[in-house]
Structures are given as C-alpha cells and as structure tokens.
Amino acid sequence: MTADALDELKRLSRLMQWACLIAIAVVLIAITYTVTDVVIRPAAVTNYFDAGAAIDADRITRTQVVLAAAVNIVTIAFICRALFALWQMFGVFRAGHVLHRRTARLIRSAGSNFLGAALWGIVANTLTVVILTINNAPGERQINVNLSTDQLFPLLMAGTLFAVGHVLTAAAAIDEENRAFV
C-alpha cells in the first residue's frame, strides 16, 4: 500500500471511528428515551407500531412493556457490539495494520453482530407483538411475522461484512507467509 493511500485510510478511519462513536451514542440515547417513555406511559408503546398491529393501548400493562423492552434490547446489544467492533477495526487501520488477523477478526465480529441484530430483529418484532397483544380479547391477539426489504438489506450487508472478514483472514495469512520468506 502506498504512503498516500495509507494516509488517506488513516484519515478516513479517524472519521469512521467518530461516526461509530456517534452512532453508539445515538442508539443508546434513543433506546433510553424510548424505554423510559413506554415504562412511564405504557400506552405510548402504540406510537412505535403501525396501525396494522392491533395493539390496544388500554390493555397494555407495565409488565408487558418491560418484557417487550427486554426482547428488543438484545437487538440493541448486537448493534452496539457491531459498532464497537467497527470502531476497533478503524483504530487498527489508523495504526497502519490493514492486512492483519485482528482486522479480519474485528470485521467478522461486526458482520456476525449485525447479522445477529438483523435475525433477532425479525424474532423480536414477532415476540413484541405477541407480548403486547396477549391481553387483547380472544381473536384479537396477534402473531406478526414481518419479512421485508427492511430486514433483507441489513442481512445482505452483514453477510458481506462477514465474507470480507474471511477474505481478509486469507489475505492476512498470505501476507504473513510472504513476510516470512523475506
């Protein structure tokens, strides 16, 4: 890698580290606000769902809201872990270690955590609707399995990150082997 390309990567990595930190902060602030809002006012949970989900604000209890929040916090944990792995990876890039096993491990970690977030998000949405409609009258309870492009693109991007991590692992191994000959 040329010195100019490495310098450019270091500048970009510094920017991306800040972007990762800001994203983590925004996610944590948003989830804190949302959980606080719905725990204080359980009926407010209906503001976070479209009209298609038959969530009756009058029947929602604080226990249901806490259970729904717990289910969804798993997704947030996956996302924050993925963003932290990316933050670390860009730190490794800033240190000049592009073809390195640690870089590959971090990008695979980010990919697998984003994949976990995307897959768990599908499950979490279904569980959340079940939890929030359990007190509805018989016949009005729901199971909502939703698969759309909102889930497809994060799955594809997570898979891409994971695959790039595997490619980077192979490249790092080849680079180490080449350095051993010199």
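Among all heavy-atom pairs drawn from Phe114 and Ile79, the shortest one is CE2-O, 4.4 Å. Closest approach of Ala118 and Pro154 over heavy atoms only: CB-CB, 4.1 Å. When all heavy atoms of Thr36 and Thr32 are compared, the pair lying nearest together is OG1-O, 2.7 Å. Across every non-hydrogen atom of Ser13 and Phe90, the tightest pair is CB-O, 3.4 Å. Nearest heavy atom pair, residue Val35 against residue Ala69, reads CG2-CB, 4.1 Å. Residues Thr128 and Ala68 share a closest heavy-atom pair of CG2-CB, 3.9 Å.
Electrostatic pairing of Arg11 and Glu8 counts as a salt bridge here, judged by a charged N lying under 4.0 Å from a carboxylate O.
Val27 and Phe153 fall into different hydrophobic clusters, defined by Ile, Leu, Val, Met, Phe, Trp and Tyr side-chain heavy atoms under 4.5 Å apart, directly or through other members. The hydrophobic cluster containing Val164 also contains Leu12, counting ILVMFWY residues as joined when their side-chain heavy atoms lie under 4.5 angstrom apart, directly or transitively. When the side chains of ILVMFWY residues are joined at heavy-atom separations under 4.5 Å, either directly or via intervening members, Ile76 and Val39 end up in a single hydrophobic cluster. A single hydrophobic cluster is not seen to contain both Ile40 and Tyr33; linkage of ILVMFWY side chains at heavy-atom distances under 4.5 Å, directly or through other members, places them apart. Met89 is connected to Leu21 through a chain of hydrophobic side-chain contacts under 4.5 Å among Ile, Leu, Val, Met, Phe, Trp and Tyr, so both are in one cluster.
Within the 4.5 Å cutoff, the side chain of Leu115 has heavy atoms near those of the Leu155 side chain. With a 4.5 Å cut-off on side-chain heavy atoms, Ile31 and Asn72 do not count as touching. Two residues are said to be in side-chain contact when any heavy atoms from C-beta on lie closer than 4.5 Å; Arg59 and Gln64 fail this criterion. Between Met16 and Leu86, every side-chain heavy-atom pair lies at or beyond the 4.5 Å cut-off.
Atoms OG1 and CD1, on Thr34 and Ile73 in that order, are 10.0 Å from each other to the nearest 0.5 Å. Taking OG of Ser112 as the reference point, atom CD1 of Ile107 lies at 11.0 Å (rounded to 0.5 Å). To the nearest 0.5 Å, the span separating CZ on Arg102 from CZ on Arg105 amounts to 6.5 Å. Considering CD1 of Ile60 and OG1 of Thr133, their distance stands at 9.0 Å, rounded to 0.5 Å. Atom CG of Leu127 is separated from atom CG of Leu132 by 10.5 Å, given to the nearest 0.5 angstrom. Distance check: Leu83 CG to Ile22 CD1 gives 11.5 Å after rounding to the nearest 0.5 Å.
Judged by distance alone, with hydrogens and angles left aside, the side-chain atoms of Trp120 form a donor-acceptor pair with the main-chain N or O of Val71 at under 3.5 Å. A donor-acceptor contact shorter than 3.5 Å is absent between the side chain of Arg94 and the backbone of Leu9. For Asn113 (side chain) and Ser109 (main-chain N/O), a donor-acceptor pair under 3.5 Å exists by modelled atom type.
Between His100 and His97, the ring-plane angle classifies as tilted under the 30° and 60° cut-offs.
Of the residues Val98, Thr103, Asp175, Leu106, the one that meets the side chain to side chain contact (heavy atoms under 4.5 Å, CB included) test with Leu168 is Thr103.
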